[in-house]
Amino acid sequence: MQRAGTLMLQRLRRLQLALVLRVIMLMPLHGLSRNSKMVTAKVWVVDKKINAFPELDNFKLITETLPTCGDGEFIVEAEWLTVDPYLRLMMDDLQLGTSPEAGQVARVTESRNERYPVGSRVVAYLGWRTHTLLNDDIMDSNTSAELLNRKLFPEVEGLPLSAALGVLGMPGNTAYFGFLEICNPKPGDVVVVNAAAGAVGSVVCQIAKIKGCTVIAFAGTDQKVSWLWDLGVDVAANYKTDDVKKVIKQAAPNGVNCYFDNVGGRFSAKVFPLLARRARVSVCGAVASYNNERQDEEYMSSPYSEALINHKELRVEGFLVNRWSDRWREGIQQLRKWIDEGKLKNTEAVTDGFENTPHAFIGLFRGDNVGKAVVKV
């Protein structure tokens, strides 16, 4: 009788152990998923070569079935996408049928990688797509534009996650480093900013005011001009309807000390003669030429006068923000500090729906956005 009871007890313990092991096998371990399922991604690709301005029929929506999530891999789902003017320039060299290398804030939905548990978020340049299969090699490598894929920084906490694509992301650091490092502003300097209501220009305007400068800001609509006045600039004007030279001469009779150029072209040709001696010019972008069909050397033209640059001892420098990759967190932390102090405003132009991504992108070149243009997936 005692032997039978002992055998029964041993069987009961084995059954309990089997049940415990079964439960463990079904449970996620430290955010890891055990059961992988097929995931279908929606992807916007460039389908036709873009001649001058982009149009809707240049883009095509396709679907992709992702491979099963294997060891060391994880799948993310996009929550926010970015549309930026520089993508237009990259599209000229983009292979048809591929997605532009745009940034996104994405949430990990399935994971077999302890570094990226389910529920964590990344900021990565994955393109205009809803889902992506990733691994450490992809996350640890740079994009073709030498931008880094990263985990979402904690500095974004308390703000919309889309801030990681704007004021606390690449555009914000472009303004922070491109203005402070190249223009080296001093209190009392006169600063001219074009495309001043955009993602980068609006942040430059605010940093210049923080640094004690007089800011002359230009935009392309009266609505944006009104917004710039509210932002706190000293002079705001519509470059399409106002006399650019007259506006600058009246506001800066002794010349312009710093010029943050997002546009180039005819606008810069008007600004350069009004620069003060030893002025600093930060060449951030050239939106005026992004939609030109011919950009080879034979057809290149410049608004910059070499004789003027030499005579006035001007410093003219182009840059890519990846130059300061090793200081990236520094910029993010300072920008967040200014936001918390009420010195820096975060403004976004939000387009709802992944299907409207090309609309949001095309709108950049119509001047539709005030602040950073983002797509809420």
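For Lys48, the NZ atom sits in a loose shell: 12 or fewer heavy atoms of surrounding residues, nucleotides or ligands are nearer than 6.0 Å. Within 6.0 Å of CD on Glu157 lie no more than 12 heavy atoms contributed by other residues, nucleotides or ligands. Around CD of Gln223, the count of heavy atoms belonging to other residues, nucleotides or ligands within 6.0 Å does not exceed 12. Counting heavy atoms of neighbouring residues, nucleotides and ligands inside a 6.0 Å radius, atom NZ of Lys312 exceeds 12 of them. With a 6.0 Å radius and a threshold of 12 heavy atoms from other residues, nucleotides or ligands, Gln95 has its CD atom at or below the threshold. Within a 6.0 Å sphere centred on NZ of Lys249, heavy atoms belonging to other residues, nucleotides or ligands number 12 at most. Counting heavy-atom neighbours within 6.0 Å of Arg150 CZ, excluding the residue itself, gives a total above 12.
In terms of heavy atoms, Val215 sits closest to Ala208 at CG2-CB, 3.5 Å. The two residues Val46 and Phe59 come nearest to each other via the heavy atoms CG2-CE2, 4.0 Å. Between Phe365 and Arg88, the shortest heavy-atom distance links the atoms CZ-CB, 3.4 Å. The two residues Val203 and Leu335 come nearest to each other via the heavy atoms CG1-CD2, 4.2 Å. In terms of heavy-atom proximity, Ile248 sits nearest to Val256 at CG2-CG2, 3.6 Å. Of all heavy-atom pairs between Val287 and Pro85, the closest is CG2-CB, 4.3 Å.
Remark: the backbone N or O of Asn194 is paired with a side-chain donor or acceptor of Asn262 at under 3.5 angstrom. For Arg280 (side chain) and Cys183 (main-chain N/O), a donor-acceptor pair under 3.5 Å exists by modelled atom type. Although no hydrogens or angles enter the test, the distance criterion places no donor-acceptor pair under 3.5 Å between the side chain of Lys224 and the main chain of Asn238. No donor-acceptor pair closer than 3.5 Å links the side chain of Asp84 to the backbone N or O of Tyr86. Under a 3.5 Å cut-off, the side chain of Arg277 and the backbone N or O of Gly255 do not form any donor-acceptor pair. At least one donor-acceptor pair closer than 3.5 Å links the side chain of Ser282 to the backbone N or O of Gly178. Proximity of a side-chain donor or acceptor of Ser99 to a complementary backbone N or O of Trp44 within less than 3.5 Å is detected. Although no hydrogens or angles enter the test, the distance criterion places a donor-acceptor pair under 3.5 Å between the side chain of Ser141 and the main chain of Ile138. Side-chain atoms of Asn58 come within 3.5 Å of backbone N or O of Glu55 as a donor-acceptor pair.
Using a 4.5 Å cut-off on side-chain heavy atoms (C-beta onward), Val200 and Cys284 make contact. Contact of the Phe272 side chain with the Val316 side chain is registered, since non-hydrogen atoms from C-beta on lie closer than 4.5 Å. Thr351 places none of its side-chain heavy atoms less than 4.5 Å from the side chain of Thr357. At a threshold of 4.5 Å between non-hydrogen side-chain atoms, the residues Trp128 and Val375 do not count as touching. Within the 4.5 Å cutoff, side-chain heavy atoms of Val281 are placed close to those of Val283. For the pair Leu168 and Phe153, the minimum side-chain heavy-atom distance is 4.5 Å or more. Two residues are said to be in side-chain contact when any heavy atoms from C-beta on lie closer than 4.5 Å; Asn149 and Val122 fail this criterion. Taking 4.5 Å as the limit, every side-chain heavy atom of Pro100 sits out of range of all side-chain heavy atoms of Phe361.
The side chain to side chain contact (heavy atoms under 4.5 Å, CB included) test with Ile75 singles out one residue from Thr132, Val108, Val39, Val118, and that residue is Val39. Of the options Arg121, Lys376, Gln104, a side-chain hydrogen bond (donor to acceptor under 3.5 Å, both in side chains) to Glu79 is made by Arg121 and by none of the others.
Aromatic ring orientation, Trp324 versus Phe177: parallel (interplanar angle below 30°, classes split at 30° and 60°). Using a 30° and 60° split on the angle between ring planes, Phe260 and Phe179 fall in the perpendicular class, above 60°.
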ask   = How far apart are the C-alpha atoms of Val263 and Phe218, what are their side-chain angles, what is the distance that settles it, and do they pass the side-chain contact (heavy atoms from CB on, under 4.5 Å) test?
value = CA-CA 11 Å; Val263 177; Phe218 289 91; over 6 Å; no
message = Using the rule given for salt bridge (charged side-chain N to carboxylate O under 4.0 Å, His left out), can you reason through Arg115 versus Asp140, listing the C-alpha separation, both sets of side-chain angles and the distance that settles it, and then say yes or no?
response = CA-CA 12 Å; Arg115 290 177 62 191; Asp140 293 341; 3.3 Å; yes
Criterion side-chain contact (heavy atoms from CB on, under 4.5 Å) on Phe74 and Ser120, from CA distance to verdict = CA-CA 11 Å; Phe74 59 102; Ser120 62; over 6 Å; no
task = Show your working on side-chain contact (heavy atoms from CB on, under 4.5 Å) between Trp328 and Val321 and close with a plain yes or no.
result = CA-CA 9 Å; Trp328 199 264; Val321 70; 3.8 Å; yes
task = Applying side-chain contact (heavy atoms from CB on, under 4.5 Å), run through Leu56 and His359 and close with a yes or a no.
result = CA-CA 7 Å; Leu56 288 177; His359 288 273; 3.4 Å; yes
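In terms of hydrophobic clustering, with Ile, Leu, Val, Met, Phe, Trp and Tyr side chains grouped at heavy-atom distances under 4.5 Å, Tyr176 and Leu231 are assigned to different clusters. By the rule that hydrophobic residues join a cluster once side-chain heavy atoms approach within less than 4.5 Å of another member, Val374 and Leu344 end up as members of one cluster. Under the 4.5 Å side-chain heavy-atom criterion for Ile, Leu, Val, Met, Phe, Trp and Tyr, Leu87 and Leu61 are members of the same hydrophobic cluster. In this structure, Ile50 is a member of the same hydrophobic cluster as Leu364, with clusters built from ILVMFWY side-chain heavy atoms closer than 4.5 Å. Leu96 and Ile62 are members of different hydrophobic clusters when ILVMFWY side chains are connected at heavy-atom separations under 4.5 Å.
Annotation: the span from Leu126 atom CG to Leu133 atom CG amounts to 11.0 Å, rounded to 0.5 Å. Taking CH2 from Trp338 and CD1 from Ile207, the interatomic distance works out to 5.0 Å, rounded to the nearest 0.5 Å. Here the CZ-CG distance, from Arg278 to Asn257, works out to 13.0 Å after rounding to the nearest 0.5 Å. Atoms OG1 and CG, on Thr241 and Asp222 in that order, are 5.5 Å from each other to the nearest 0.5 Å. Here CE of Met170 is found 10.0 Å from CG of Leu320. Values are rounded to the nearest 0.5 Å. Within the model, atoms NE2 of His131 and CD of Glu64 stand 12.0 Å from one another, a figure rounded to the nearest 0.5 Å.
Looking only at atom types and distance, the side chain of Lys372 has a donor-acceptor partner in the side chain of Thr82 under 3.5 Å away. Neither side chain, Asp136 nor Tyr116, offers a donor N or O lying under 3.5 Å from an acceptor on the other. Asp261 and Ser268 share a side-chain donor-acceptor pair at under 3.5 Å.
Contacts of Lys209 classified as salt bridge (charged side-chain N to carboxylate O under 4.0 Å, His left out), with partners at least two apart in sequence or in another chain: Asp234.
Looking at Arg329 and Glu155, a side-chain N of the basic residue comes within less than 4.0 Å of a carboxylate O on the acidic one, giving a salt bridge.
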